[in-house]
Amino acid sequence: MKEFYSNINLKLYYSLILMGIIIMTTGLFIGNPRMEEHDTGYILHIVLVVFLSVCLIRYPKYETQVSRIIIILVASAYFYLIFFLYPDTWSTFVFLCFIPAISILFFDPKLFYFSLILNGLSITATFSYIIFIDQGKIYPHITRDLVGNIANFAGSQVILYLIFYLSSARINKLKSYYEQIQHQERLKTTGQLAAAVAHEIRNPLTVVQGFLQLYREEISFSPDVKRNFSLMIDELKTAEHVISHFLTFAKPNKEKKLDTIDLKYALQSVTDLLYSYGLLNDNKINLNVQEDCFVVANTIEFKQLITNLVKNAIEASKIGDAVTVIAKKMRDYVEIKIIDYGSGMSEAEVKSLGTPFYSLKSKGTGLGLMICYQIVEKYNGTIQFQSIKDEGTTVTLKFPIH
Ligand code: ADP
Ligand code: MG
């Protein structure tokens, strides 16, 4: 509904609501046969008009499930009340048929079914009352062609269901498409940005390295100084290696050697590597890998993916908590789960994952998961985060079976 407001804009919403309120008020005060009597029914009519108007006006500010349910209940009560209060106005029956249409606007399947069932029960009670108690005295327009009226009601509910089903299927499809595009766009932009930065850093590094190599050959420097030069050159080489590695990532088209990776060995080697990292805060890594789990990918990239995820899990864990890595073979895919019982994330935080430079850590880069998403996508896998704040996180990776 949020998008509904921003796109169709609030002004239009309020204009339509105002029109509705004017129509309801007109019904109350102009040509109303009960106006003179001021009986309980009429007072209830006034109360419901006021209540419904207030709910609709306040709705954009309080877009909660509770206010949606209240709107549906109050609107149902209002339409049934005017049906019973004004039997001479035959057309009020039409409103009863279309009450579930209100919930279609909320695009929430649960609310729609709730409204549909509620309306079914209410109309059954209404018809029973008219048939057995009223016996067509006050509501002859219903009893005169009872079967026809029941059929019309049932037909209208089927039409509403069809409208809801088709529109919600379409909206869901559009939504997932939109999310996918947004995510890919984000990856592309950062990939390019990071590649540009990495490229610019590599050039000065090469120049400095060249000079240091020259100085190392100079006879005028003492061996001690020369040893420092060698150290500097080694460090620069490491930096250059990291950047080159990153640049090859940023170029998704570049062909990489594909390996058939045995998860038993690959996951073991990653957890061995991170063993001492986990020990810093007494976090053990439990590994549980089924036999014969294979994934086709570039080994270095695959290890980088798992390393990033396990490292995040360790960093999120409290002192002494274990991190569990599980790999299983399913029917047509291989599933890897990385489970921690650490800080967890809120729903909004999970949605931001993979966004470049999104990090809640003081020394984080926020690039780890971005690279993970790229690797997973490259090998036709999926990555999914299930997280509860303060309880922990489970990352589920799925790769097509080899
Ligand atoms: P970095 O680790 O450098 O911060 P990442 O891209 O690896 O960057 O992670 C981004 C953010 O996602 C982290 O800062 C952290 O807030 C959150 N995050 C990732 N994994 C977990 C996890 N297992 N539990 C809790 N938060 C996590
Ligand atoms: Mg990380």
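Counting starts at 1 for both ligands and their atoms, following the listed order. Predicted model only: the values in this text are computed from it and were never measured. Numbers here simply count residues along the sequence, with the first being 1.
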Check: Between Tyr341 and Asp390, does any side-chain donor sit less than 3.5 Å from a side-chain acceptor?
Finding: no
Checklist line | Contact partition for Met345 relative to ligand 1, non-hydrogen atoms under 4.0 Å | finding: side chain
Checklist line | Numbering as shown, the atoms of ligand 1 that approach Leu353 to under 4.0 Å (heavy-atom distance) | finding: 12 (O), 17 (C)
Next item on the list: Could you tell me whether some N/O pair between Phe385 and ligand 1 is separated by less than 3.5 angstrom?
Entry: no
Check: Under a heavy-atom criterion of less than 4.0 Å, does Ser343 contact ligand 1?
Finding: yes
Note to self: Salt bridge or not between Glu217 and Lys226? Use side-chain N to carboxylate O under 4.0 Å.
What the structure shows: no
Notebook entry, point to check: Side-chain contact, heavy-atom cut-off 4.5 Å: Leu263 with Phe302?
Noted result: yes
Checklist line | Reference residue Tyr139; test ring pair (Phe, Tyr, Trp, His ring centres under 6.0 Å); the match among Tyr86, Trp90, Phe84 | finding: Phe84
Next item on the list: Determine, considering heavy atoms only, which of Val323, Leu360, Val350 sits nearest to atom 16 (O) of ligand 1.
Entry: Leu360
Notebook entry, point to check: When only distance counts, is Met370 in polar contact with ligand 1, meaning an N/O pair under 3.5 Å?
Noted result: no
Item checked: Atoms of ligand 1 close to Tyr358 [distance to a heavy atom under 4.0 angstrom, numbered from 1] -> 10 (C), 11 (C)
Notebook entry, point to check: In terms of the angle between their ring planes, are Phe83 and Phe93 parallel, tilted or perpendicular, with boundaries placed at 30° and 60°?
Noted result: tilted
Checklist line | Tally, protein N/O/S atoms nearer to the Mg ion (ligand 2) than 2.8 Å | finding: 1
Check: Under 3.5 Å, N or O to N or O, is Asn312 touching ligand 1 that way?
Finding: yes
Next item on the list: Specify side chain, backbone, both or neither for Ser359, according to which of its non-hydrogen atoms lie closer than 4.0 Å to ligand 1.
Entry: both
Checklist line | Lys/Arg-Asp/Glu bridge criterion (N-O < 4.0 Å) met for Arg202, Glu240 | finding: no
Next item on the list: Pick one of side chain, backbone, both or neither for how Thr393 approaches ligand 1, counting any non-hydrogen atom pair under 4.0 Å.
Entry: side chain
Next item on the list: List for me each residue that meets side chain to side chain donor-acceptor pair (under 3.5 Å) alongside Asp259, sequence neighbours excluded, and say none if there are none.
Entry: Lys257, Thr299
Check: Is the ring centre of Phe107 less than 6.0 Å from the ring centre of Phe112?
Finding: no
Next item on the list: Assign the ring pair His45 / Tyr78 to parallel, tilted or perpendicular, where the plane angle (0 to 90°) is split at 30° and 60°.
Entry: tilted
Check: Which residues pass the side chain to side chain donor-acceptor pair (under 3.5 Å) test with Gln386, sequence neighbours left out?
Finding: none
Checklist line | ligand 1 contact by Asn308, heavy-atom criterion under 4.0 angstrom | finding: no
Next item on the list: Just say parallel, tilted or perpendicular for the rings of Tyr13 and Tyr59, cut-offs at 30° and 60°.
Entry: tilted
Margin query: Give the atom numbers and elements of ligand 1 that come within less than 4.0 Å of a heavy atom of Ala316.
Written below: 22 (C), 24 (N), 25 (C)
Item checked: Asp340, portion touching ligand 1 at heavy-atom distance under 4.0 Å -> side chain
Note to self: Applying ring-ring contact (aromatic ring centres under 6.0 Å, His included), can you list everything that pairs with Tyr373, at least two apart in sequence or on another chain?
What the structure shows: His183
